Number of protein chains: 2
Amino acid sequence: MADLPGTQGHTGESLLFLTDEQLRQGIEAMFFAYRGFTADPDRILSEMHYGRAHHRAVHFIHIVPGTTVNNLLSILGVTKQSLNRVLRTLIDDGLVESRIGRTDKRERHLFLTPDGRDLEHRLSDAQRARMRAAYRQAGPEAVVGFRKVLEAMMDPDLQRHYSGLREPR
Amino acid sequence: MADLPGTQGHTGESLLFLTDEQLRQGIEAMFFAYRGFTADPDRILSEMHYGRAHHRAVHFIHIVPGTTVNNLLSILGVTKQSLNRVLRTLIDDGLVESRIGRTDKRERHLFLTPDGRDLEHRLSDAQRARMRAAYRQAGPEAVVGFRKVLEAMMDPDLQRHYSGLREPR
DNA sequence: TTGGAATGTCAACAAGGCTGACTTAAAGTC
DNA sequence: GACTTTAAGTCAGCCTTGTTGACATTCCAA
């Protein structure tokens, strides 16, 4: 592919000739791949009567421990009422701890309890295994391209959350 | 990027050293990218009080015109009750036509009406525009890698539906 | 000190998944 | 011809997870 005549030299130019069919295949690939992507954690979650919303909350609390509800809201892109319901069950079940802010008592800072960390680990293990297998099968060059396209597909303000987590903080 | 020292040459080998952090970034990239991926059609759909379920049905009826309900079920991976609710509204609204099978009269074959094709076009236009922009921004090599990883991430039986649509039939 | 903004909670509703039970019609089988 | 299986559709009811609206608490700035 890197040697197709006339496609190299200046980046991207050949892609001016993207057919609708090529794009459609990319769209479907996203659809089916996302199903595979969530399948393994979904199985674990449904066993304990949780859903994807719980997974997302647990994931980002793990990544940004001590985050406020508001911050989590902007990452997840749901209403606070929606998040709150999920958060409440996680707190009631002892997976998440909510501490009242010290400087601003309106804020709640969220942390995983040991049980929460345990669930997070099980979920991310399953998802990482799938990811690792796909990466190996596709090869390192493919992975770089994969990431590039995904990053270009994000909404700019969502990309901020994503990149923000990668940058030193 | 293709010139990073030590990452090129033999495919795959360097990725034996995938850190959890690298994998986690891939997972988050999938999460945020999928949000961007569905954002544009979601806007169009919500204007007309439809949801993603309607989009998926319309999309695959467009791709496989004349498909039976059962076949659509296996592509979408939902129950017939769930699909039926969506399908009924689409038929009532005159976007989908259901024809009784000629050889097997138990089957219903599904087709888009002109109005249905119109909606399909508006939805896929929006999604293709996002896809095209991402492809251009990432470059042709990245696109190949993107597709490779996505295909490796699918469940094998879902991949069948996906590939099946690409193969000549 | 008081009014507005920010944060989080409670209640109720809708979409869209799910299971289970059932009907109808057609096809296949003994 | 009677019985079974299959395709599709329907009704009822449940769950998760999104939504809006109303409200309490807390902070801060005029």
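All values derive from a computational prediction rather than experimental measurement. Chain A is the first sequence line, chain B the second, and so forth, proteins listed ahead of strands; every chain is numbered from 1.
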Which whole-number value in Å describes the distance from [X] [atom1] to [N] [atom2]?
X	N	atom1	atom2	answer
Arg108(B)	dT24(C)	CZ	P	14 Å
Ile100(B)	dA25(C)	CD1	C1'	10 Å
Glu107(B)	dT24(C)	CD	C1'	16 Å
Asn84(B)	dC22(C)	CG	P	19 Å
Asn70(A)	dA5(C)	CG	P	16 Å
Ile91(A)	dG8(C)	CD1	P	11 Å
His49(A)	dC18(C)	NE2	P	16 Å

Practice item. Tell me which of His54(A) and Lys80(A) sits closer to the 5' end of DNA chain D, going by the nucleotide each one is nearest to. Key: His54(A)

Check your understanding: For Gly101(A) and Gly77(A), take the nucleotide of DNA chain D holding the closest heavy atom to each; which residue's nucleotide lies nearer the 5' end?
Key -> Gly77(A)

Study note, to complete from the structure: Note: Leu112(A) and His62(A) closest approach over all heavy atoms is CD1-CB, 3.6 Å

Nearest 0.5 Å, please: how far is [atom2] in [Y] from [atom1] in [X]?
X	Y	atom1	atom2	value
Ile100(A)	Arg106(A)	CD1	CZ	13.0 Å
Met48(B)	Ile44(B)	CE	CD1	9.0 Å
Asp42(B)	Arg35(B)	CG	CZ	10.5 Å

**Study point:** Residue closer to the 5' end of DNA chain C, Val78(B) versus Leu73(A) (nearest nucleotide)
**Key:** Leu73(A)

Check nucleotides 27-30 of chain C against the protein and report each pair of N or O atoms closer than 3.5 Å, with its distance, or say if there are none.
unit_1  : atom_1 : unit_2    : atom_2 : d
dA27(C) : OP1    : Thr103(B) : O      : 2.9
dA27(C) : OP1    : Lys105(B) : N      : 3.4

Exercise for review: For residues Arg24(A) and His59(B), determine if any side-chain heavy atom of one lies less than 4.5 Å from a side-chain heavy atom of the other.
Suggested key: yes

**Study point:** Minimum side-chain heavy-atom gap His109(B)-Arg102(B) below 4.5 Å
**Key:** no

Review point. Hey, is the side chain of Arg85(B) pairing donor to acceptor with the base of dG16(C) inside 3.5 Å?
Key: yes

Review point. Taking N and O atoms by type only, does the side chain of Gln81(B) place a donor or acceptor under 3.5 Å from a partner on the base of dG16(C)?
Key: no

Practice item. With a 4.0 angstrom cut-off to heavy atoms of chain A, pull out the first and last contacting nucleotide of DNA chain D, in 5'-to-3' order. Key: dT16(D) to dC27(D)

Review point. Hey, quick one: are Met30(A) and Leu18(A) part of the same hydrophobic cluster, counting side-chain heavy atoms closer than 4.5 Å, chains of contacts allowed?
Key: yes

Check your understanding: Going only through I, L, V, M, F, W and Y residues with side-chain contacts under 4.5 Å, is there a path from Val58(B) to Tyr162(B)?
Key -> yes

Check your understanding: On the ring face of Phe31(B), is Arg56(A) found with NZ or CZ under 6.0 Å from the centre and within 45° of the axis?
Key -> no

Exercise for review: Taking only the side-chain nitrogens and oxygens of Ser82(B), find out if one of them lies under 4.0 Å from OP1 or OP2 of dG16(C).
Suggested key: no

